[in-house]
There are 2 protein chains.
Amino acid sequence: MDRPEDNIWMHCSSSSVRRASRQLSQLYDDIIGGIGLRGTQFSLLTQILYGNEPTQKSLAEAMVMDLSALGHTLKPLIRDGLVELVPDEKDRRAKRVRLTDVGSALQADLVEKWREAQSRFDAVLGIEKSEELRRTLAFISSAEFAQAFEKTGKTGD
Amino acid sequence: MDRPEDNIWMHCSSSSVRRASRQLSQLYDDIIGGIGLRGTQFSLLTQILYGNEPTQKSLAEAMVMDLSALGHTLKPLIRDGLVELVPDEKDRRAKRVRLTDVGSALQADLVEKWREAQSRFDAVLGIEKSEELRRTLAFISSAEFAQAFEKTGKTGD
DNA sequence: CAAATATAGTGGTATATGCCAGTAAAATCC
DNA sequence: GGATTTTACTGGCATATACCACTATATTTG
């Protein structure tokens, strides 16, 4: 209908991010998704891999995701045998998330494909803007940002 | 668990955008969502308002969203009487999307709240980085970007 | 220690979003 | 003009994600 520059919605940061999110998920999934895993699932697997057997709680925090949302998202991965939950020794409420061997193998496989997608991204946007963007987005995703956003109340916080 | 800077996932653009998307949806919704509409729905209403009675197809394109996804997303809005679909005169396949009076009124209401959220965002990130970010995201969301991404051969890594 | 409170997860419900397989109405091609 | 192809949408199914209410387990308090 018209180009994004003409679009009033370039004004809304939240919409902008969501829209870009749809586009990138699409693009990355076209490359990564062949095996049947979506980009979100891949990033979850990777986060689990590097997360030192995180509890669901801490995993959710790292993903900036609601705990129950994480739980739901994990279900298909557990069902398909890529991930397992093990009760924490000390705290019987907590369950730690861990990759199965199959999950690890799949993750390793996908890393290669991810690299391809990521390098395309860097190539198209330019490596500098690309890194700058990720820094900015990391800040936006941080707890500091959320706190500042909430405090920046109209008059005296 | 750790700060986002420590996170290997700062390396993935797609995850970064998704994570930021969750954070911002959350933050904006806390301000906008009081009346019961989510940010996504608000941006949809606004896009419809400015879209000159778009067909679902063109609306989906503007939103960088799958057509069927748009259809699903519109359902609750139609059910709640904020939006209506009118068959196109010329092309009987097409249906144009239009705000009802209730929808327009609600949209207008929410614009005020949105402004508050947006100004907080600009305040926390800084207006310049904020605008730069939106420009970058608009580019990422564009068809040009998608084409370039798809064309950029693997040689480029 | 028992009661009150806080924390970690689970399950239900609802929206968000995508893919695929139809259906119906153009548009195109003999 | 009828068969083929393309286009615009619909419906079903699956994942993504959030909120709320509930349960089980810890932690804090009196």
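In the text below, chain A, chain B and the rest are named by the order of the sequence lines, each starting its count at 1. Values below: all heavy atoms of this structure, side chains included; hydrogens, waters and symmetry mates excluded.
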>> Just the rounded figure in Å: distance from C1' of C/dT10 to CZ of A/R92.
In response: 18 Å
>> Whether A/D122 and A/R134 form a salt bridge (side-chain N of Lys/Arg under 4.0 Å from carboxylate O of Asp/Glu) is what I want to check.
In response: yes
> Taking only side-chain nitrogens and oxygens of A/Q26, does any of them come within less than 4.0 Å of OP1 or OP2 of C/dT17?
Replying inline: no
> CG of A/L27 versus P of C/dG18: gap in Å, rounded?
Replying inline: 12 Å
> Angle class for the A/F42/A/W114 ring planes (parallel below 30°, perpendicular above 60°, tilted otherwise)?
Replying inline: tilted
>> What is the distance, to the nearest angstrom, from the CG atom on A/L70 to the C1' atom on D/dT15?
In response: 14 Å
> What's the CG-P distance between B/L74 and C/dG18, to the nearest Å?
Replying inline: 13 Å
> Salt bridge or not for B/K113 and B/D29, using N-O below 4.0 Å?
Replying inline: no
>> Measure CZ/A/R18 against P/C/dT15 and give the value in whole Å, please.
In response: 14 Å
> Strictly by modelled atom types, are B/S13 and B/S16 linked by a side-chain donor-acceptor pair under 3.5 Å?
Replying inline: no
> Between A/R22 and B/K90, who's closer to the 5' end of DNA chain C by nearest nucleotide?
Replying inline: A/R22
> So, B/D88 and B/K90, do they make that salt bridge, N to O below 4.0 Å?
Replying inline: no
>> In this structure, how many angstroms lie between the C1' atom of C/dA16 and the CE atom of B/M65, rounded?
In response: 7 Å
Could you go through residues 69-84 of chain A and list every donor-acceptor pair under 3.5 Å that involves a side-chain atom there, pairing it with any protein atom two or more places apart or in another chain?
| from | atom 1 | to | atom 2 | distance (Å) |
| --- | --- | --- | --- | --- |
| A/T73 | OG1 | A/A69 | O | 2.8 |
| A/E84 | OE2 | A/R98 | NH1 | 3.4 |

> Can you tell if the side chain of A/I140 reaches within under 4.5 Å of the side chain of B/L133, non-hydrogen atoms only?
Replying inline: yes
> Taking atom P of C/dT7 as reference, at what distance in whole Å does atom CG of A/L59 sit?
Replying inline: 19 Å
> Nearest to the side chain of A/A69, which nucleotide is it out of D/dA16, C/dT17, D/dA18?
Replying inline: D/dA18
> After noting the C-alpha distance and the side-chain angles of A/F139 and B/L125, does the key distance pass the side chain to side chain contact (heavy atoms under 4.5 Å, CB included) rule?
Replying inline: CA-CA 9 Å; A/F139 173 53; B/L125 191 58; 3.6 Å; yes
> Once each nucleotide of nucleotides 6-13 of chain D is scored for protein heavy atoms under 4.0 Å, what B/S/- sequence comes out, 5' to 3'?
Replying inline: BBSBSBBB
> Tell me: CG of B/D30 to P of D/dA18, nearest whole Å?
Replying inline: 12 Å
> What is the nucleic acid contact for A/T73, judged by heavy atoms within less than 4.0 Å: base, sugar-phosphate only, or nothing?
Replying inline: base
>> So for the helix from C/dC1-D/dG30 to C/dC30-D/dG1, with five pairs setting each end axis, what is the inter-axis angle to 10°?
In response: 10°
> Is the shortest distance from a Lys or Arg side-chain nitrogen in B/E132 or B/K129 to a carboxylate oxygen in the other one below 4.0 Å?
Replying inline: no
> Quick one: is A/R79 getting a side-chain N or O under 4.0 Å of the D/dA14 phosphate, OP1 or OP2?
Replying inline: no
